[in-house]
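The structure appears right after this line, and notes come after that.
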Amino acid sequence: MQISARHRRILPSSELFSQHPMAKSHTLPHFQRIRTSTPTVTMQCKQQEHNENETRVSSVFEMLKSIPQWVDDIKEGRMKRPKSLYTHREWVIHRSSTRHIRHVASSLSSRVILSLIPPVCFFTALAVAIAAYNTAVVCELFPPFMPLLHASSLPYQLTAPALALLLVFRTEASYSRYDEGRKAWTKVISGAKDFARQAVTWIRGSDDAHLKDKLLQYIMAFPVVLKCHITHESDMRHDLGTLLQEDDLQTVLSSQHPPSCILQLMSECLERVQLVDSKQNILDSHICQFIESIGVCERLIGIPIPLSYTRLTSRFLFLWHLTLPIILWDECEWIVVPATFVSAASLFCIEEVCP
């Protein structure tokens, strides 16, 4: 059927679309569904973006928190490394004229320098923040009521000698403890050698041969047991190896105080050995010397430098570097950043060397 030009009328596209039989049943509801679901999709996107931002922030905080733990693990692990005595070859290397280059080249593997990462990075970042803030205030990027962070250096000049005295006293006390521990350990080693020499010389009876062998085993095991006793998380079974028989090893490992257990086993051997009283008293005096060495080692482990003094030094250093960028701003401006870095690295290094 043809429509004449007179009856022909141009319909709008929307009207033509609405006359389609599928338009009323499907198309319009589809458009309504899209319009109603758009706010929901937008909210979901915003929520997802918010969750992603929170995840990024939490991951950054977790990374920052893991840095001190990583440093502490390295410190504790390297403190457990065996430290051998110097020989002539080590002394030649130690006195070498190129030792300074070697020491600088090995800085990144230094336990002390690695322990400086958390405090030095914190105070250097703080100095950068203070310098950036003061620069913005000087350039009038902030409102006029925002103050400039600066102060006189006179308080620092007055308190610098006090900080120096705190660090010097801490250094002397730490070296004194180190020297006392070194002497106690040397006394253990020399006493064990002398004890073994006298036992081999004086115990000659065929009936006492078995007791002499067990006594020598106890003498050789005592320094190892004492070392494991004063070292955190040491493997005493592994370190003793084959120095003791299995029954004696189980007895020592199950005791509450392994060094005293070893000394008790020594005393029982001496009690059963046939010796004159004078020689037996001399051998027993070595056991008394071992007991004295145990007391010295346990005192050094159990009683640190007075905690009030250690905390005072730590707080003093923290407050000193917390305000150092403010004190130096008038004279140094942005030089406060490297100045704070050098000061924190130097002073905290001294505090770390003398724990």
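Numbering starts at 1 and runs along the sequence shown.
- Less than 6.0 angstrom separates the ring centroid of His94 from the ring centroid of Trp91.
- Between the side chain of Thr201 and the backbone N or O of Gln198 there is no donor-acceptor pair closer than 3.5 Å.
- You'll find the side chain of Arg170 reaches within 4.5 Å of the side chain of Thr310, heavy atoms only.
- The environment of Leu158 atom CG is dense: over 12 non-hydrogen atoms of other residues, nucleotides or ligands sit within 6.0 angstrom.
- Here Tyr133 contributes atom OH and Ile130 contributes atom CD1; the two are 10.5 Å apart, rounded to the nearest 0.5 Å.
- Arg272 CZ: 12 or fewer foreign heavy atoms inside a 6.0 Å radius.
- The neighbour count for Phe142 CZ, taken as heavy atoms of other residues, nucleotides or ligands under 6.0 Å away, is above 12.
- Although no hydrogens or angles enter the test, the distance criterion places no donor-acceptor pair under 3.5 Å between the side chain of Ser174 and the main chain of Thr171.
- At a threshold of 4.5 Å between non-hydrogen side-chain atoms, the residues Leu149 and Trp329 do not count as touching.
- Within the 4.5 Å cutoff, the side chain of Gln280 has no heavy atoms near those of the Trp202 side chain.
- Neither Phe348 nor Ile113 shares a network with the other; the hydrophobic side chains, linked directly or stepwise wherever heavy atoms of I, L, V, M, F, W or Y lie under 4.5 Å apart, form separate groups for each.
- Of the possible donor and acceptor atoms, none in the side chain of Ser346 sits under 3.5 Å from a partner among the backbone N and O of Ser343.
- Remark: the backbone N or O of Thr313 is not paired with any side-chain donor or acceptor of Glu351 at under 3.5 angstrom.
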His257 vs Glu298, test: side chain to side chain donor-acceptor pair (under 3.5 Å). Steps then yes/no.
CA-CA 11 Å; His257 196 274; Glu298 290 182 341; 2.5 Å; yes
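- The aromatic ring centres of His321 and Phe122 sit 6.0 Å or more apart.
- Side-chain contact, Trp334 with Thr135: a donor N or O sits under 3.5 Å from an acceptor N or O.
- In this structure the side chain of Gln245 reaches within 4.5 angstrom of the side chain of Lys214, judged on heavy atoms.
- Side-chain contact between Leu243 and Gln217 is absent, with no heavy atoms from C-beta onward closer than 4.5 Å.
- Remark: the backbone N or O of Lys187 is paired with a side-chain donor or acceptor of Ser190 at under 3.5 angstrom.
- Under a 3.5 Å cut-off, the side chain of Tyr156 and the backbone N or O of Trp320 do form a donor-acceptor pair.
- Side-chain contact between Lys193 and Arg197 is absent, with no heavy atoms from C-beta onward closer than 4.5 Å.
- Checked by atom type and distance alone, the side chain of Ser267 pairs as donor or acceptor with a backbone atom of Leu263 at under 3.5 Å.
- For Arg102, the CZ atom counts as densely surrounded, since its 6.0 Å shell holds more than 12 non-hydrogen atoms of other residues, nucleotides or ligands.
- Contact check on Arg237 versus Glu246 returns a salt bridge, with a Lys/Arg side-chain nitrogen under 4.0 Å from an Asp/Glu carboxylate oxygen.
- For Phe123 and Phe318, the gap between ring centers is short of 6.0 Å.
- Between Tyr175 and Tyr178, the ring planes lie tilted relative to each other; the angle falls in the 30° to 60° range.
- Evaluation of the salt bridge (Lys or Arg N to Asp or Glu O under 4.0 Å) rule for Asp208 yields no partner, not counting sequence neighbours.
- One hydrophobic cluster, built from ILVMFWY side chains closer than 4.5 Å, cannot hold both Val168 and Ile350; they sit in different ones.
- Counting heavy atoms from C-beta on, the side chains of Ile262 and Leu244 come closer than 4.5 Å.
- Between Met236 and Pro258 the shortest side-chain heavy-atom distance falls below 4.5 Å.
- Linking Ile, Leu, Val, Met, Phe, Trp and Tyr residues whenever their side-chain heavy atoms come within less than 4.5 Å places Leu347 and Val342 in a single cluster.
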